[in-house]
Amino acid sequence: MKKKEVYLDSCKTSKLAPDVLEAMMPYLTDKYWYPGPFTSIGTEIAEAIENSQRTIADSLNVEPKEIIFTSGGTDANNIAIKGIMYANRDKGKHFITSVVSHPAVLTIFQALEKEGYEGNYISANRDGYLNLEELKEAIRDDTTLVAFTHVNHILGTIQQVEEISKILNNANHNIYLFMDSCEAYMKIPIDVKRLGIDALSISGHKFNGPKGIGVLYLKKGTKIIPTQHGITRLNRLKPGSVNVPAIIGMGKAVEIAFKNFDEQIGKYHKLQKLLYDEIFKRIPDVQLNGPELKERSPAHLNISFAYVEGEAIMMMMDFENIHIETGSACSSQKLEPNYILMQTGRTHEESHGSIRFTFDRFVTDEGITRTVDVLENVIKELRRRSPLGKG
Amino acid sequence: MAIKYSEKVIEHFQNPHNVGKIENPDAEATEGSPACGDQLSVYLKVDPESHRIKDIKFQSYGCASNIATASIITDLATNKTIEEAKKITWNQAADELGGLPPVKMHCSVLAVDALRSAIKYYEKKHLGKKFDEGLNKKNIENELNKVIYGKIGVDIVSLRLVKYIGVDEKNNVLIEIVLKKDDPFLEDLQHEINERLGKFPDIGEIKISLI
């Protein structure tokens, strides 16, 4: 019989919560209609969408009108980054991002570079914090947009967004700040107004919501043009079909997560500490990647195990129905170790033996304990097979 | 298409045969390095009369396919004469394992390399054989023969990606390769070529140019 699943990879995706599915069901079946004016069916759907919008807006301390539904985090990133760069091209074609940004940000800028845009990729220290002095120096008169990843998906680093926006405010012209907050949302508090963010992306399926839905927060007054074209149903920046069930589901997932937000964050801290303490107590020759526990995202841990390779660890954990992620080259399609671990000064070996654990609301103490029980044996067995570390 | 391991790979990964180290082996060899992603050591005990491999063990710092390939190769080599064992190829190992995903071919090469290197070591040490191990075109090509292009799992020499190999009087090496500069496997290939050619003790600078 297959053992009980332990899923520690919310940074990739997470399980749809049963109460979210329940909220979605009517819109997948009887209430299949589209939003529209005047008719009973059209207005019922429009109101349901507005409810979701309001819930999400409240969670970020923004206005409901500033919430745009997209097909996911990547879609939101594309709409915002390209839309802002294109709309402001007369002012300038310069952007700033970082070498540790998520591929869903980096690949967009790489595409823009092919269209003649120019950028600076600022570095990060070993813990993944951006070099803010470098940011100050990179700002030019033609800089239009600065875009970073809010919580680093590999290292769990929470970027100092307030500091970043202060630096941008001190520039002598308006520079938009975009944050990819997909890994940050519902894992750390985000008050958009206080942080001074102009645009931000979130993804539904990383906190037990549905897949295929994301949100772009866009501050009122931001100069942007559409990059997709078609019939406008909800917003001109995202034309075409409206994924009503997913919008309702995302709203519900946010409502649940936000209701007990502080309690849930407290739970993440406890799970993280339990996992960290048990690994460091029971397994020798391990090293933490990214900031110390009190500083990093509470739903995130990344640890390197010396003398063994990550894909082998991941496979052996998978046999026990425990699911994690590795930064090893062997598990990448390009046979390259994870670029963030390398860019922040780790050796190939540290990167190959790195394992990432990320949480969602279904992770339990029991799951963490079973993970470490299995992990301890897996590392022992792989080290028995390894030629390294034998003194 | 889903990239997955065959049942045979999983079986050998879960319960690998011949894991460990032989004390006072007749021959041993290590291929790869932690920087390269995988490292594999092979140890041999060889019968001095028949030159048959009486015992073979391996240690692997590597992924599932690396461990599984080492397991099957050491099985295949057991009780073979060193002449027979030399002929074991990585294609044979991959076939025995019910196939390997192309991207994983480079991991399986190490086990064959390590076995062949251990046999060579045995031949040098116990049979007094001499080998041409100098830095020349032929020996460089032999090393490039083991550099696998990850996208399709075939070496770069067989794929005819290597168009020119040159060695100057200062032992600097120039290799011309047919590859686009944005090829996703370029970095991996450069790394692998440098690693392989780094074995020549007197090598100068290695220049890889794309054509």
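In what follows, chains carry the letters A, B, and so on, assigned in the order in which the sequence lines appear, proteins first and then strands, with residues in each chain numbered from 1.
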Has A:Lys12 got more than 12 heavy atoms of other residues, nucleotides or ligands less than 6.0 Å from its NZ?
yes

To the nearest 0.5 Å, tell me how far B:Ile67 CD1 sits from A:Met316 CE.
7.0 Å

Answer with side chain, backbone, both or neither: which region of B:Phe13 has an atom nearer than 4.5 Å to a non-hydrogen atom of chain A?
both

In terms of heavy-atom pairs under 4.5 Å, which option from B:Gln39, B:Glu187, B:Lys21 contacts chain A the most?
B:Glu187

Output every pair passing side chain to side chain donor-acceptor pair (under 3.5 Å) with a member in residues 110-119 of chain B, not counting sequence neighbours, ordered by first then second residue.
B:Glu31-B:Ser117, B:Asp113-B:Arg196

A:Phe109 meets the ring pair (Phe, Tyr, Trp, His ring centres under 6.0 Å) criterion, sequence neighbours left out, with A:Phe95

What is the distance from atom CG of A:Leu388 to atom OG of B:Ser60, rounded to the nearest 0.5 Å?
9.0 Å

Shortest non-hydrogen contact between B:Ser41 and A:Pro387, atoms and distance:
OG-CB, 3.7 Å

Looking only at non-hydrogen atoms, find the nearest pair between A:Glu311 and B:Lys104 and report the distance.
OE2-NZ, 2.8 Å

Over 60° means perpendicular and under 30° means parallel, so tell me whether B:Tyr61 and A:His352 are parallel, tilted or perpendicular.
perpendicular

State, yes or no, whether a side-chain contact exists between A:Met315 and B:Ile10 at a heavy-atom distance under 4.5 Å.
yes

